[in-house]
Amino acid sequence: MTLLEIFPSLRSGGMPPRLDSAIWPRDTHYDDAGRITIGGVALADIADQYGTPTYVLAEREVRERCRAYRAAFPEAEIYYAGKALMIKAVADWVTEEGLSVDVCSAGELAVALAAGVEPARIILHGNGKSFDELEVAVQVGVGRIVIDSLAEITLLSALVADSQQVMLRLSPGIDVHGHPAVVTGVTDQKFGFPLGSDAAAEAVARILRQPKLRLVGFHCHLGSQICDPDYYGEAIRRMVAEMAGVRDDHDHLLTHLDIGGGHGVPYRCGDAEMNLTDLAAIVEDALDAACARRGFPRPVIAIEPGRAIVARAGVTLYRVRSVKHIDGGHTYVTVDGGMSDNPRVALYGARYSVVVANRHPTGPHMTATVAGRFCEAGDILATDVQLPADLRPGEVLAMPCTGAYHHSLASSYNSVGRPPIVAVRKGVSRELVRRETMSDLLSRDIGR
Ligand SMILES: Cc1ncc(COP(=O)(O)O)c(C=O)c1O
């Protein structure tokens, strides 16, 4: 017999569920009226003022995450991976907190520049950079470009007038055993060159033949949602050995090693996460050991966290449209958003929790499936979530941990405009990105 069976009142009244600080922004609370507040602003008020669905972003959470990285890696170059959420305000906050910025397209570069990020603090990635993207990156003077193919070496040597720092992306052959869509450290995948391969050797030799390209180091990115820091230690050992090989073969010293991002965050209570202190210790130990073994001078380490900076700062608000109990089946709570504002469930099978935000979720509960409003049977946002049994259309639901790869992956499927992003801080809310309107969508459609 479970505790709930012995004491049903534990479920049907009294205390509201805890808002676990592992997945909610650090200043999330219930107010006296039983509503959830973040940064001193009630989520129900945000839903009323800005409509739904809406992405809420806690500025303090983003800044505190940056500070935690700076404290754990005082010597490293820390690039915020903009692909997680690239908007001007976030570019501002992270650079104010001392981070640099990683971009992977001319669009992300334009946002970073519009936010006033110094070009020298920007690194450009991408396995399919166009001539135009490389040209603009060189012209504005980005600090580094990570070369991903032989074709890029040719393009860059034609484009660079003076001198450009570059890195070479290698895949160190490390399988982090994640979802196949996000495992990028293995040899047989589209990014970079396999470490130790003839192709990698050829790329190094070609870059070194170009006097205007300054090869400063190697780059790798192992994948996403990695919680075991040992993978990074192994990557460092393999990459330093390769760097020593370049010194021996070409008498050229690589001074920088970029080990990418991919640090795991919890999406639901109890999920694992990367521990930054452990990661920093493993990075140090691996560097010491690898450099001593090869007699190689310690390179400057760069890291590129994206998700770990912004995921937990974001909460998506939805309004309930309907509640449907299927005889002998599930209870479907349909909301006004779905796979267009959160494609991660359909893409990766990601799992989320959902809570009612406009009142204390006390009283009897039901087990529900939260369904999106889009015309796909697979448009399901969360399964097996506990919601009040008397949940009604019009109530506000909040889904935590939606700050990373939500806005940036969002679409306008079914011609539904993308949600706004509303920042909260010290009791004040402000719109950072406005809702995409019908006229935004129509303005691109030229017609006959
Ligand atoms: C090269 C590179 N760096 C950094 C990141 C950021 O990864 P995460 O947001 O998981 O930290 C990615 C993500 O795909 C990436 O491809």
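Keep in mind that the numbers below use all heavy atoms, side chains included, and drop hydrogens, waters and symmetry copies. One-based numbering, in listed order, for ligands and for the atoms of each.
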Per-atom contacts, ligand 1 versus Ala81 - under 4.0 Å to a heavy atom: 4 (C), 5 (C), 6 (C)

State the atoms of ligand 1, each with its element, that fall below the 4.0 Å cut-off from a heavy-atom position in Tyr405. 6 (C), 7 (O), 8 (P), 9 (O), 13 (C)

Under 4.0 Å to a heavy atom of Arg307 - the qualifying atoms of ligand 1, by number: 8 (P), 9 (O), 10 (O), 11 (O)

Ligand-side contact atoms (ligand 1) for residue partner Glu304, heavy atom cut-off under 4.0 Å: 1 (C), 2 (C), 3 (N), 4 (C), 5 (C), 6 (C), 11 (O)

Check ion pair Asp379-Arg373 (N to O, under 4.0 angstrom): no

Proximal atoms of ligand 1 relative to Pro305 (non-hydrogen, under 4.0 Å): 11 (O)

Atom NZ of Lys212 with >12 non-hydrogen neighbours under 6.0 angstrom: yes

Any donor-acceptor pair under 3.5 Å linking the side-chain atoms of Tyr79 with those of Arg121? no

Before signing off on this row, confirm whether Gly306 and ligand 1 have an N or O atom pair separated by under 3.5 Å. yes

Whether Glu61 side chain and Trp24 backbone form a donor-acceptor pair below 3.5 Å: no

Assess the pair His219 and His256: is the distance between their ring centroids shorter than 6.0 Å? no

Where's the contact between Lys83 and ligand 1, heavy-atom distance under 4.0 Å: side chain, backbone, both or neither? side chain

Which ligand 1 atoms does Asp102 reach within 4.0 Å, using its non-hydrogen atoms? 3 (N), 4 (C)

Looking at Arg247 and Glu242, is any side-chain nitrogen of the basic one under 4.0 Å from a carboxylate oxygen of the acidic one? no

Which heavy atom of Leu168 sits nearest a heavy atom of Ala200, and at what distance? CD2-O, 4.1 Å

Is ligand 1 under 4.0 Å from a heavy atom in the side chain of Val146, in the backbone, in both, or in neither? neither

Thinking salt bridges, do Glu64 and Arg67 make one under a 4.0 Å N-O criterion? yes

Number the atoms of ligand 1 from 1 as they appear, then name those within less than 4.0 Å of a heavy atom of Arg169, with their elements. 1 (C)

Ligand 1 N/O within reach of Gly262 N/O, cut-off under 3.5 Å: yes

Specify side chain, backbone, both or neither for Phe191, according to which of its non-hydrogen atoms lie closer than 4.0 Å to ligand 1. neither

Numbering the atoms of ligand 1 from 1, which are under 4.0 Å from a heavy atom of His219? 1 (C)

If the plane angle is over 60° it's perpendicular, under 30° parallel, otherwise tilted; pick one for Tyr69 and His263. parallel

